[in-house]
Novice: 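Questions regarding the structure given below will be posed in turn.
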Amino acid sequence: MQQSKEQRVHNVFEKIYKNYDQMNSVISFQRHKAWRQDTMKRMDVQKGSKALDVCCGTADWTLALAEAVGEKGEVVGLDFSQNMLKIGEEKVAGSSHKNIELIHGNAMELPFPDNTFDYVTIGFGLRNVPDYMTVLKEMHRVVKPGGKVVCLETSQPTTPGYRQLYFLYFKHIMPMLGKLVAKSYEEYSWLQESTVNFPGKKELAKMFDEAGFAKVEVKSYTGGVAAMHMGYKDK
C-alpha cells in the first residue's frame with residue numbers, strides 16, 4: 001500500500017532525527033544558521049511577546065525565539081515527530097531558557113485558539129506538510145491581529161546555470177551525502193523530492209496573499225536556494 005505524504009514524511013523524520021542537525025549543516029554548507037539570524041533581525045521580535053515555532057524539529061529556531069522574547073515572553077515549539085522533539089527537549093533542558101514548551105502536534109490542525117501568538121514561524125518544514133495552504137491558513141488563524149508569520153524555506157534559484165547546478169546537487173549529491181553521513185539514502189532522496197517540488201518564491205508569496213496575509217515581504221538567500229517570506233495579519 002502506498003504511503004500518504006504525511007506518513008512518508010513522519011517515517012523520514014522518525015529515522016533521521018539523530019543526524020538531522022549535522023545533515024542540515026552539511027547540506028546548506030552551514031548557511032542555514034546565517035539565514036535564520038538574518039530572518040530574526042527582520043522579524044524584530046519584541047521582549048515579552050508570545051511565539052509559536054511550527055514544525056520546530058530539534059528546536060533551534062525555538063531556542064532563538066526564546067532568547068528574543070526574554071524571560072517574560074513565551075515560546076511554544078510544535079512538531080509531529082516524537083524523535084525530533086526528544087532532541088529538542090534535550091537542547092531546551094541544557095539551556096537556560098525556562099519559557100519554552102515543546103508539544104507533539106500537527107501543523108495542519110494547530111491546537112490553539114484564534115489570535116494567540118505575536119509571531120508564528122516555520123523553518124524548513126512547510127515543504128513537508130500535506131497541504132501548504134492549509135498550514136498557512138492555520139498559522140494565519142492563530143497569529144494575533146498585527147502579528148507576523150514567517151516562513152524560512154528552501155527555494156528555487158532562477159539564474160540559468162546556477163539553477164541547473166542546484167537541481168543536480170539536490171537530486172544526486174544530497175542523497176549520497178545522506179548515505180555517507182547519516183546512513184539514510186532513501187530518506188534524503190525524499191527530502192530532495194520535497195525541495196525540488198516546493199513552490200518558488202513568487203508562487204509562495206502569492207500563496208501568502210491567498211491565505212490572507214498583508215504586506216508580504218520576501219528575501220532570497222545564497223542565490224535563491226532559500227527564501228524568507230514574512231506576512232502580517234491585518235489589525
Side-chain angles (χ1 to χ4, degrees), residues 20-21 24-25 28 30-80 84-107 110-126 135-153 204-205 208 211-221 226-235:
Y20 179 77
D21 288 337
N24 262 358
S25 294
S28 71
Q30 295 279 3
R31 297 307 300 159
H32 70 289
K33 296 178 182 178
W35 301 335
R36 187 175 66 243
Q37 287 171 357
D38 184 72
T39 297
M40 286 289 288
K41 286 181 183 178
R42 293 172 184 276
M43 288 173 64
D44 190 26
V45 177
Q46 299 298 301
K47 296 292 184 184
S49 53
K50 189 170 184 177
L52 169 65
D53 187 20
V54 179
C55 300
C56 68
T58 59
D60 281 352
W61 202 349
T62 314
L63 285 159
L65 287 165
E67 178 71 26
V69 301
E71 292 180 3
K72 294 183 179 180
E74 299 176 50
V75 179
V76 179
L78 176 143
D79 203 273
F80 76 156
M84 294 284 278
L85 284 172
K86 286 178 185 175
I87 303 296
E89 286 165 358
E90 290 172 6
K91 290 181 182 178
V92 171
S95 76
S96 60
H97 300 297
K98 308 299 181 186
N99 57 347
I100 296 174
E101 179 185 9
L102 297 182
I103 65 174
H104 184 244
N106 193 330
L110 295 174
F112 310 105
D114 297 358
N115 308 322
T116 300
F117 299 96
D118 300 291
Y119 305 90
V120 180
T121 60
I122 184 166
F124 305 104
L126 189 60
V135 173
L136 288 175
K137 287 181 176 179
E138 274 292 275
M139 293 193 294
H140 183 275
R141 179 182 66 80
V142 301
V143 75
K144 295 176 183 177
K148 301 174 184 178
V149 169
V150 184
C151 173
L152 179 59
E153 187 55 272
L204 186 55
F208 262 71
F213 293 102
K215 297 188 297 183
V216 179
E217 299 177 15
V218 181
K219 166 67 177 177
S220 291
Y221 296 108
M228 177 213 75
H229 289 70
M230 180 161 60
Y232 297 75
K233 185 171 181 176
D234 277 334
K235 294 183 179 180

Novice: Closer than 3.5 angstrom, by distance alone: can the side chain of D53 be matched with the main-chain N or O of T62 as a donor-acceptor pair?
Specialist: yes

Novice: Walk me through whether H97 and E67 qualify under side-chain contact (heavy atoms from CB on, under 4.5 Å).
Specialist: CA-CA 7 Å; H97 300 297; E67 178 71 26; 3.0 Å; yes

Novice: Would you check if the distance from the ring center of F117 to the ring center of F112 is below 6.0 Å?
Specialist: yes

Novice: Between L85 and C56, is any pair of side-chain heavy atoms under 4.5 Å apart?
Specialist: yes

Novice: For the pair R42 (side chain) and M228 (backbone), establish whether a donor and an acceptor sit closer than 3.5 Å, ignoring hydrogens and angles.
Specialist: no

Novice: Would you sort out whether M139 and I122 count as a side-chain contact (heavy atoms from CB on, under 4.5 Å), showing the intermediate values?
Specialist: CA-CA 9 Å; M139 293 193 294; I122 184 166; 3.8 Å; yes

Novice: Can you check whether F208 reaches Y232 side chain to side chain, under 4.5 Å on heavy atoms?
Specialist: no

Novice: Under 3.5 Å, side chain of H229 to main-chain N/O of C151, donor-acceptor pair present?
Specialist: no

Novice: Measure across M40 and A68 and return the closest heavy-atom pair with its distance rounded to 0.1 Å.
Specialist: CE-CB, 3.7 Å

Novice: Using modelled atom types only, decide if a donor and an acceptor are shared between the side chain of E217 and the backbone of G231 within a distance under 3.5 Å.
Specialist: no

Novice: Can you establish whether the number of heavy atoms outside K215 located under 6.0 Å from its atom NZ is more than 12?
Specialist: no

Novice: Locate the shortest heavy-atom distance separating A107 from C55; write the atom from each residue and the value.
Specialist: CB-SG, 4.0 Å

Novice: Can you confirm whether P111 sits close enough to L78 that some side-chain heavy atom of one is under 4.5 Å from a side-chain heavy atom of the other?
Specialist: yes

Novice: Could you walk me through whether V54 and W61 pass the side-chain contact (heavy atoms from CB on, under 4.5 Å) check?
Specialist: CA-CA 10 Å; V54 179; W61 202 349; over 6 Å; no

Novice: Check for a donor-acceptor pair, side chain of N99 on one end and backbone N or O of G70 on the other, with a separation under 3.5 Å.
Specialist: yes

Novice: Do Q46 and Y119 have a side chain donor and acceptor closer than 3.5 Å?
Specialist: no

Novice: Considering only heavy atoms from C-beta outward, does the side chain of V142 approach that of V149 to under 4.5 Å?
Specialist: no

Novice: Between the side chains of K144 and T116, does any donor sit under 3.5 Å from an acceptor?
Specialist: no

Novice: Can you check whether G212's main-chain N or O pairs, donor with acceptor, with H140's side chain at less than 3.5 Å?
Specialist: yes

Novice: Could you tell me whether the side chain of T121 reaches within less than 4.5 Å of the side chain of L152, counting heavy atoms only?
Specialist: no

Novice: Could you check whether D118 pairs with K50 (Lys NZ or Arg NE/NH1/NH2 to Asp/Glu carboxylate O, under 4.0 Å)?
Specialist: no

Novice: Taking the side chain as every heavy atom from C-beta outward, state whether K219 and D38 have any pair of such atoms under 4.5 Å apart.
Specialist: yes

Novice: CG/L52 to CD/E138 distance, rounded to the nearest 0.5 angstrom?
Specialist: 10.5 Å

Novice: Where do S95 and L63 land on the side-chain contact (heavy atoms from CB on, under 4.5 Å) test, with the steps shown first?
Specialist: CA-CA 8 Å; S95 76; L63 285 159; 3.7 Å; yes

Novice: How long is the gap from NZ on K86 to CG on D79, to the nearest 0.5 Å?
Specialist: 13.0 Å

Novice: Answer yes or no: is there a side-chain heavy-atom contact under 4.5 Å between Y221 and T39?
Specialist: yes

Novice: Give a yes or no on whether the backbone of F213 and the side-chain of K233 come within a donor-acceptor separation of less than 3.5 Å.
Specialist: no

Novice: Could you pull out the closest heavy-atom pair between G88 and A59, with the gap in Å?
Specialist: CA-CB, 3.8 Å

Novice: What are the two closest non-hydrogen atoms of A214 and D234, and how far apart are they?
Specialist: CB-OD1, 3.3 Å

Novice: Is it the case that the side chain of E74 and the backbone of I100 share a donor-acceptor pair, with hydrogens and angles ignored and the cut-off at 3.5 Å?
Specialist: no

Novice: Pick out which of H32, K33, K91 makes a side-chain hydrogen bond (donor to acceptor under 3.5 Å, both in side chains) with D60.
Specialist: K91

Novice: Taking the side chain as C-beta and beyond, is there a heavy-atom pair between N115 and V143 under 4.5 Å?
Specialist: no

